[in-house]
Structure formats: C-alpha cells, structure tokens
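Below, all heavy atoms of this structure are taken into account, side chains as well, without hydrogens, waters or symmetry copies. Below, chains carry the letters A, B, ... as their sequence lines are ordered, and counting in each starts from 1.
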2 protein chains.
Amino acid sequence: MPSPTTENYLKAIYALAERDTNRPLVRLGELATELKLTPGTITTMIRSLAERDLVTYQPRAGVKLSAKGNQEALQVLRRHRLIELFLVEVMKMDWSEVHEDAEALEHAVSDKFLAKMDEMMGYPTEDPHGDPIPVAGAEIPASQTRKLSDVPSGNYQLSRVNDQDPEFLDWLSASGLRPGTRFAVTSHDPRSGVLLLQLEGGAAELPIGIGAAKNIRVKPLGTH
Amino acid sequence: MPSPTTENYLKAIYALAERDTNRPLVRLGELATELKLTPGTITTMIRSLAERDLVTYQPRAGVKLSAKGNQEALQVLRRHRLIELFLVEVMKMDWSEVHEDAEALEHAVSDKFLAKMDEMMGYPTEDPHGDPIPVAGAEIPASQTRKLSDVPSGNYQLSRVNDQDPEFLDWLSASGLRPGTRFAVTSHDPRSGVLLLQLEGGAAELPIGIGAAKNIRVKPLGTH
DNA sequence: AAAAATAGTTTGAATATTCAAAATAAACTG
DNA sequence: CAGTTTATTTTGAATATTCAAACTATTTTT
C-alpha cells in the first residue's frame with residue numbers, strides 16, 4: 001500500500017499532466033509548486049517513485065506516470081471524488097468546503113467504506129465539480145471538453161471546475177455557475193482579458209477573467 | 001495537532017488505565033503489547049510524550065496521562081466512537097467490522113465532518129459497543145458497571161464490550177448479546193472458568209468463559 | 001559565444017518513528 | 001542473599017520525508 005505521501009505525488013503528477021492536456025512530461029518544478037515543497041525534495045522523492053516503478057523519470061526533463069502509477073493515481077482520484085460527492089450529498093456540506101476534508105479522508109477510507117458510499121449514492125459518475133469518478137479497471141474517457149478561456153463565442157454547458165479554492169467556488173455558485181449550467185459566451189476580449197457570459201435565465205451579462213476561465217471546462221452545445 | 005502516532009499512544013494509555021480500573025500507572029510493557037511495538041520503541045516515544053507534557057513518566061515504573069494528554073485522548077476517543085456509530089447507523093456496516101475503519105478515520109476527520117455526523121445521529125451518547133462518547137469539555141462519568149467476570153449470580157444488563165475482535169463480536173451478536181441485552185448470571189464456576197447466562201427470552205443457558213467475560217461490562221439490575 | 005537567468009540535482013542534515021541487541025535494574029526464588 | 005528471571009532502558013542503526021544551500025546543466029539574452 002503506498003503511503004499518503006506517495007499517493008499525493010502520484011495524484012499531483014496526474015493532475016498536472018491532465019491540466020495542460022497531454023504534456024508528455026511533467027517538470028519537477030511544477031510539482032514543487034503544486035505540492036509546496038522544495039525542488040530538492042521533489043528530485044529525491046521522484047527518484048524513489050521511479051525505483052518503485054510508479055513513474056518514468058528522465059533527469060532534468062521530467063516525469064511521467066507508469067502504467068502502475070497511473071492506476072494508483074486513478075484509485076486515489078476515485079476515492080477523492082467519491083468522498084467529495086459523499087460529503088456534499090450525504091453530509092450536506094457545501095461544495096466549496098469539501099476539498100480539504102476529502103484530501104485527508106482519501107488516504108484513510110477502506111474499500112468497504114468506499115463501496116458503501118458508492119452504493120449509497122447509486123454509483124455516481126461525476127463529483128460535485130463535474131469531474132469524472134474513475135471506475136476500477138476502466139479507462140477515463142478522454143475529456144471532450146475545452147477550457148472556457150480558449151473557446152469562441154457560442155453556447156456551452158459548464159462541465160468541470162479545476163480549482164478547489166473555496167473563495168472561487170463560492171463566487172461561482174453565487175453567480176449561478178455549477179456543473180451542468182448552460183450559458184452563452186457573448187464576447188471574448190483578449191486585450192482586457194475578460195469574457196462575457198450570458199447565463200440561461202440570467203438577466204445581466206457575467207464578466208469573468210481569462211485566468212479564472214482557464215480553470216473552467218465547458219462542453220460546446222449546438223447553437224440551437 | 002498531534003500526529004496519528006501520538007494520538008494512538010495516548011489512546012492506548014487511556015484504554016489501559018481504564019481497563020483495570022484506576023491503576024495509577026500504566027507499565028510500558030503493557031503498552032508494547034497493546035501497540036505491538038518493541039519495548040525500546042515505547043521507552044523512546046514515552047520520553048518524547050513526556051517532553052511535550054502529554055504524560056507523566058516515572059522511569060522503570062510507568063506512565064500516566066497529564067491533564068493535557070487526557071484531554072487529547074478523550075478527543076480521539078470521541079472521534080473514534082462517533083465514527084464507529086456512524087459506520088453502523090448511517091453506513092449500515094456491521095458492528096464487528098467497524099473498529100479498524102474507525103481506527104484509520106479517527107485521525108483524518110475534520111471538526112466539521114465530525115459535527116455533521118454528530119448532528120445527523122442526534123448527538124448520541126454511546127457507541128455501538130455501549131461505550132460512552134466523550135463530549136468536549138465534559139467529564140466522563142465514572143462507569144457504574146462491573147466486569148461480567150467479577151459479578152455474583154443475579155440480573156444484569158450488558159453495558160459495554162471492551163474487545164474489538166470481529167470474531168468475538170460476531171459470536172456475541174449471534175448469541176444475542178448486545179449492549180442493552182438483559183440476562184441473569186445463573187452460575188459462576190471459578191474452577192472450570194465458566195459462567196452460565198440465562199438470556200431474557202433465551203431458551204437454553206449460554207456458557208461463557210471467564211476470559212471472555214472479562215471484556216464485558218454489565219450493570220446490575222434489581223432482582224425484580 | 002560569453003554572460004545571465006532558470007531549472008534541476010546533490011549534499012549534508014534534521015525529524016519522527018521504528019527495530020535489534022546489549023546493558024541494567026528490579027523482582028522473585030530457592 | 002546470590003542467582004535467575006523479567007521488565008526497562010540504552011545504543012546504534014534504518015526508513016521515509018523534508019529542508020537549505022551549494023553546485024551544475026540548460027536555456028535565454030545580449
């Protein structure tokens with residue numbers, strides 16, 4: 001059984017690789033930032049992960065999850081997301097306050113407890129942020145979504161939110177933006193760095209910065 | 001925040017002190033057995049706990065929880081027992097399989113999550129084994145119960161079970177013995193080491209060994 | 001291409017936790 | 001009480017994880 005620390009490294013590598021879709025290698029510096037550790041620590045730990053065949057390590061270039069490491073990472077992710085959903089659905093906690101709790105619990109829940117949660121919620125496939133809940137043994141379908149920051153004007157549905165900052169999540173809910181919400185991008189000004197969204201049923205247009213939009217993934221809808 | 005390891009030591013000291021009611025000092029050897037660690041390890045760790053004022057340590061004699069250590073221990077116990085009850089009541093897990101899960105989760109749950117569980121179950125005062133759930137800031141009332149192994153013939157109500165072994169717990173439930181169950185002790189033979197119990201509504205008498213009876217605490221009932 | 005900036009690695013050290021084995025103290029025994 | 005047994009402590013060492021600071025490779029600038 002990998003230690004919590006190991007699990008966190010694998011999760012971070014997975015997340016970074018997915019973030020800027022399909023970068024072949026994750027640089028160690030990114031990991032240092034993500035995990036808030038010093039570069040030297042990362043190098044040391046990555047060496048150890050490589051010895052255990054959890055990652056492929058190319059010194060000075062970066063790391064990549066091995067098949068084994070990927071599987072591990074998906075299991076952690078599954079636990080994390082199932083727990084988040086559980087906290088929101090069953091424990092009635094707010095989606096903005098649920099991430100940290102899940103972060104701790106994901107290293108402590110047994111398979112049995114996990115199975116109970118899963119069953120209790122009817123085998124859900126998405127967590128409260130719209131992220132897919134990996135299933136043991138199954139591939140995660142390559143996401144059909146695009147970053148809100150990269151998208152032309154048109155109609156979209158909010159798919160996932162890749163930022164766990166409670167402030168941000170609160171602002172999102174307050175603005176009516178949740179996974180599943182439909183809206184139109186009415187303008188996108190690269191100079192000011194502001195997009196304007198027209199929510200379904202929303203009166204005024206909602207401005208959102210490019211930086212924030214990077215952490216939001218959307219699914220294009222027909223122009224209907 | 002004490003580490004999980006620290007929490008486990010404190011919990012173990014508390015449990016051992018309570019077990020043979022009010023021994024002034026817990027010997028390090030008992031701790032070694034309880035925690036399944038070598039004696040040297042215990043000595044080392046106890047020294048560190050003493051430095052942090054969590055215990056009073058008398059070399060070669062034993063340890064005692066300090067006020068601070070006691071408070072810590074009670075908090076861990078509260079978490080543990082609330083979680084056990086939650087797993088049984090809400091997650092529908094069997095009381096015999098719940099201990100290990102709680103053992104892991106007790107170091108990972110946030111105050112918020114704990115509060116939600118507490119509220120959800122209506123602020124319960126006892127866990128599935130009949131053990132009291134400590135409340136922050138409140139004393140635990142000195143238990144009015146006696147060990148089944150020490151008790152004369154008469155009527156009793158099962159109060160607590162101080163053994164987490166799933167086999168044992170399963171046998172107990174199968175025999176109809178749960179916290180709250182009423183029964184009479186009809187005979188107690190110190191030579192054979194067997195007690196006979198007559199369960200309320202139970203047809204035959206139930207024999208139980210002295211060793212097992214030591215881990216069961218009962219409340220005397222009037223001879224009614 | 002030499003200089004400067006950036007990213008990554010190495011080294012030496014610290015902390016927390018654990019073990020095995022040797023040393024010591026205390027308790028028990030005849 | 002001398003000898004043995006048992007409990008505890010000490011010592012030396014290991015593992016996992018982390019840091020700071022010195023060093024090195026790579027990339028970017030000029």
>> Between B:Glu18 and B:Arg23 (salt bridge meaning N to carboxylate O under 4.0 Å), is one present in this structure?
In response: no

>> In whole Å, I'd like the distance from the OH atom of A:Tyr57 to the C1' atom of C:dA7.
In response: 11 Å

>> Please determine whether a side-chain nitrogen of the Lys or Arg among A:Arg160 and A:Asp131 lies less than 4.0 Å from a carboxylate oxygen of the Asp or Glu.
In response: yes

>> For a quick check under 3.5 Å, do B:Asp53 and B:Ser66 share a side-chain donor-acceptor pair by atom type?
In response: no

>> Between A:Arg19 and A:Glu30 (salt bridge meaning N to carboxylate O under 4.0 Å), is one present in this structure?
In response: no

> Starting at CZ of A:Arg60 and ending at P of C:dA7, how long is that distance when rounded to a whole Å?
Replying inline: 13 Å

> Do you see a donor-acceptor pair shorter than 3.5 Å between the side chains of A:Thr38 and A:Thr41?
Replying inline: yes

> Does one side chain, of B:Arg146 or B:Ser159, offer a donor that lies under 3.5 Å from an acceptor on the other?
Replying inline: no

>> What is the first contacted nucleotide of DNA chain D and what is the last, in 5' to 3' order, if contact means an atom lying under 4.0 angstrom from a heavy atom of chain B?
In response: D:dA7 to D:dT10

>> Less than 4.0 angstrom from a charged side-chain N to a carboxylate O is my criterion; do A:Asp118 and A:Arg78 meet it?
In response: yes

>> Within the structure provided, determine whether A:Asn8 and A:Lys11 are in side-chain contact (heavy-atom separation under 4.5 Å).
In response: yes

>> Out of the candidates A:Leu172, A:Ile216, A:Leu169, A:Asn215, only one should pair with A:His129 under the side chain to side chain contact (heavy atoms under 4.5 Å, CB included) rule; please name it.
In response: A:Leu169

> Which of residues 37-52 of chain B have a heavy atom under 4.0 Å from DNA chain D?
Replying inline: B:Pro39, B:Gly40, B:Thr43, B:Arg47

> Quantified as the angle between the terminal helix axes (five pairs each), what is the overall bend of the helix from C:dA1-D:dT30 to C:dG30-D:dC1 to 10 degrees?
Replying inline: 10°

> Have B:Arg52 and B:Ser48 got a donor and an acceptor in their side chains that come within less than 3.5 Å?
Replying inline: yes

